[in-house]
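Before any comments, here is the structure.
Order of the sequence lines fixes the chain letters, A, B, ..., with proteins taken first and strands second; residue numbering starts at 1 for each chain. Since this is a predicted model, take the numbers as computed values, not measurements.
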Amino acid sequence: MACVTVAAMKNDTFSPTSEAVSAVVNRQELNESQYLAVTTTAGPVLVIAGAGSGKTRTLVYRVAHLVESGVPPEAILLLTFTRKASQEMLWRAGRLLNENCSRVVGGTFHGIANMLLRRYGSHIGYGSSFSIIDRADAEGIVNLLKSSLGLGKLDKRFPSKRAVINMISGSVNRSIDLEGLVQDQYAHLSDHLEDILALAKAYHQFKFDHGLMDYDDLLVNWKRLLVEAPEVQQAVSERFAYIMVDEYQDTNLIQADIIRLAAHTHDNVMVVGDDSQSIYSFRGADFYNIMRFPKVFAGAKIIKLEENYRSTQPILSLTNDIIRNAAEKYTKTLFTSIEGDLRPMVFAARDERDEAAFIVRTIQQLLRKGVELSDIAVLFRSSFHSYKLELELGSDNLEYEKRGGLKLTESAHMKDMIAFLRVLVNPQDTLSWNRILLQLEKVGPATAQKISANIAGASDALEALKSYVPGKTWKDSYARLVRLFVELHGGNASPAALFEIALDYYQPVFERLYSDDFPKRQKDLDQLKSIMGGYEDLQSFIDDTTLDPPEESSRDGRGADRLILSTIHSSKGLEFEAVFIIGVADGRFPHASATFGEQWEEERRLLYVAATRAKKYLYLTYPRQMMTPDRQFRRVGMSPFLTELSGGLFEHINEQYGESGASFNFQSTAFSAPAGKKKSQVKKLEMTDFSMGCRVKHPFFGDGTVTKLSKSRSLDIHFDRHGLKTLHLDYAKLTIL
DNA sequence: GCGTATCGCGTTTTT
DNA sequence: CGCGATACGC
């Protein structure tokens, strides 16, 4: 274990003489004193910075500076949100230093947790044989358990299928008990608390029994490693003498604890983040981490970066105004010296088709102005919002790349192939056995489970597989499967060779299972094969593809110049010359089920993140009518986040003539309200002022009827024009009629 | 009880 | 596209 000298860092006398430093300062990315503070401070540093201010770059400068002043690269640990971001960062650091920075250890929290657990897991009773499961696997387990526990009926009570697993893991990564979480956020499920607790318990037990770990387990066990094995904590803390964290506002409580524990011998921690860009609370991210940092790390130096190096002033004015109404924030006023006076534009399309057509038309104009296609992005709240646009793009021959939504490795045929490899590494992995067995004709869920349970319970998986007596109708195909595993267990073949063997077996199965579109899917298998070629051992291949699934990008090699379609969440940290945000409509953005209060605030920050991706051109569009589930058209207005903006920050694009529908009326009331005659002092309402069936008025939802009063100071109100909403008494501006 | 084929419907956001 | 419900056949 490398022992690191930090003496060079202890005095603040480093003078920025190297070419790297003057390059930084000359490009005005940071002023000299900021640069010195970022790079030469020993001990904890908190960088609070606005969008486009070069947060990540400050980390790069520090890495480069540390290496330059003699710190061994392997003593630096860089934690970023995505692995891609860490690679990009190291590449930049390498360029700055004109040397290779690849020995710096960089990765995601989960990746590093995996590495440490494989190495030190025995200290807390874990062997190195466990499989990492992703969200789809977790859902699979929960579904399996729901039927075996007889909790199928529970389903209908949940808002969505994913809500179950979100709830169970949400309690883990927030470090609060499930009971509290249900009472707090899923109050409507409190009658089923016992069932939910039973399900959660069964889920955790199942994972433990079958050697499976989900994303949260990786973090929980990393923390356990530091808390319960002092010798490991000492070793880790000494090994990584400098710890840096990007996107700190997206960390959860466990991650914050891990940082605190891992840095205990030196406190050399630098975190950067922007509280206004915290958009992952649904996954446990707690932006109070950033607020607490100076208390947790005594003597932390706080550096604020407020100059924006990305967008023009008109875009910044709009984004500043979006975040202005946020309930809680570190106040930052962003400014820029970038030239440009083009105002953001808002387009109210007739419907979704019109919206798509507008985007294609405008993109073609931008291309004529010389903007690269790959420098244009279309962003949206939910991944299915882009379906109509994808159709339009297809017929116009504009190539695009979609990010967010289903990953390549989440498609059925890829999971099938990976399942063969996973059971080789971890024979306890019942989930993968089930996948493999279900491929056999005449074998369904019940039979598959019986066989896989046999295998998981046996000490020798291959023997258990061999000794199972198959049914008459499928004994031939079962024999073929057994032969496959005998062959796979043969010599010690390379991952690529094992893949070949498995593919030989799978190919006919594959063609039968996906008979309508297997040629299209075949390319993915080929790609998987080439990825495998780069791996020495199977375990790291499987870990990598679970933790960081490969993108579809290399599908046709050359076409790098493609339009980016992305969910806002997946666009974080990126920037584009031109950005379209589509579906900025009431009911779509904020998401329909977002309640007032914290969820509403997060949706606002989400719009902020989206808009701050734009450098020069920013377009916000929404359809004025949308199809409802019952195949009727419903008029919708623009997002409340836009109507509440100060006037003059954006331009309306008027196509043909403006039909004055609900959206127009709605706008005029919103804008005229402040100018209207002074309201008498509004009395603060209490829950007792409301009753079932009582008529109320909301500033923009209009008139409605109270249909439910709940304990947590929230009300369900059925609005005449906007349908059912759940509003919180402390946030909604209601008046009783 | 178990497996399979088919139809129709609804999608938050993810390391 | 992936799923749940449903009906049908063994």
Rounded interatomic separation in angstrom, taking [atom1] from [X] and [atom2] from [N]:
{"X": "Leu438(A)", "N": "dC2(B)", "atom1": "CG", "atom2": "C1'", "result": "13 Å"}
{"X": "Ile451(A)", "N": "dC2(B)", "atom1": "CD1", "atom2": "P", "result": "14 Å"}
{"X": "Lys442(A)", "N": "dA5(B)", "atom1": "NZ", "atom2": "P", "result": "7 Å"}
{"X": "Trp600(A)", "N": "dT13(B)", "atom1": "CH2", "atom2": "P", "result": "19 Å"}
{"X": "Glu139(A)", "N": "dT11(B)", "atom1": "CD", "atom2": "C1'", "result": "12 Å"}
{"X": "Tyr387(A)", "N": "dG10(B)", "atom1": "OH", "atom2": "P", "result": "14 Å"}
{"X": "Asp250(A)", "N": "dT14(B)", "atom1": "CG", "atom2": "P", "result": "13 Å"}
{"X": "Ile581(A)", "N": "dT13(B)", "atom1": "CD1", "atom2": "P", "result": "17 Å"}

Under 4.0 Å, counting only non-hydrogen atoms across every strand here, what does [X] touch: a base, just sugar-phosphate, or nothing?
{"X": "Glu602(A)", "answer": "nothing"}
{"X": "Phe81(A)", "answer": "sugar-phosphate"}
{"X": "Tyr280(A)", "answer": "sugar-phosphate"}

Angle between ring planes, [X] versus [Y], binned at 30° and 60°: parallel, tilted or perpendicular?
{"X": "His413(A)", "Y": "Phe510(A)", "value": "tilted"}
{"X": "Tyr468(A)", "Y": "Tyr478(A)", "value": "tilted"}
{"X": "Trp222(A)", "Y": "Phe109(A)", "value": "tilted"}

### Query
Per the atom types in the model, does the base of dT14(B) pair as donor or acceptor with the side chain of His569(A) at under 3.5 Å?
no
State whether [X] places a side-chain N or O below 4.0 Å from either non-bridging phosphate oxygen (OP1 or OP2) of [N].
{"X": "Ser411(A)", "N": "dC1(C)", "value": "no"}
{"X": "Ser383(A)", "N": "dT13(B)", "value": "yes"}
{"X": "Thr473(A)", "N": "dC10(C)", "value": "no"}

### Nucleotide of dT15(B), dT12(B), dC2(B) approaching Ala446(A) most closely (side-chain heavy atoms)
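Nearest to the side-chain atoms of Ala446(A), counting from C-beta on, is dC2(B).
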### Query
Are any non-hydrogen side-chain atoms of Phe130(A) and Leu117(A) less than 4.5 angstrom apart?
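A side-chain contact under 4.5 Å exists here.
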### Message
Heavy-atom count check: over 12 atoms from other residues, nucleotides or ligands less than 6.0 Å from Lys442(A) NZ?
### Response
no
### Greater than 12 external heavy atoms within 6.0 Å of Arg512(A)'s CZ
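Enclosed.
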#### Entry: Watson-Crick or G-U stems involving DNA chain B, each at least 3 pairs long, distances under 3.5 Å, ordered by first number
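Paired runs of 3+ in DNA chain B: B:1-10 with C:1-10.
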### Query
Side chains of Arg422(A) and Asn426(A): donor-acceptor distance under 3.5 Å anywhere?
no
### Message
Return whichever of Phe384(A) or Thr80(A) has its heavy-atom-nearest nucleotide of DNA chain B closer to the 5' end.
### Response
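This one resolves to Phe384(A).
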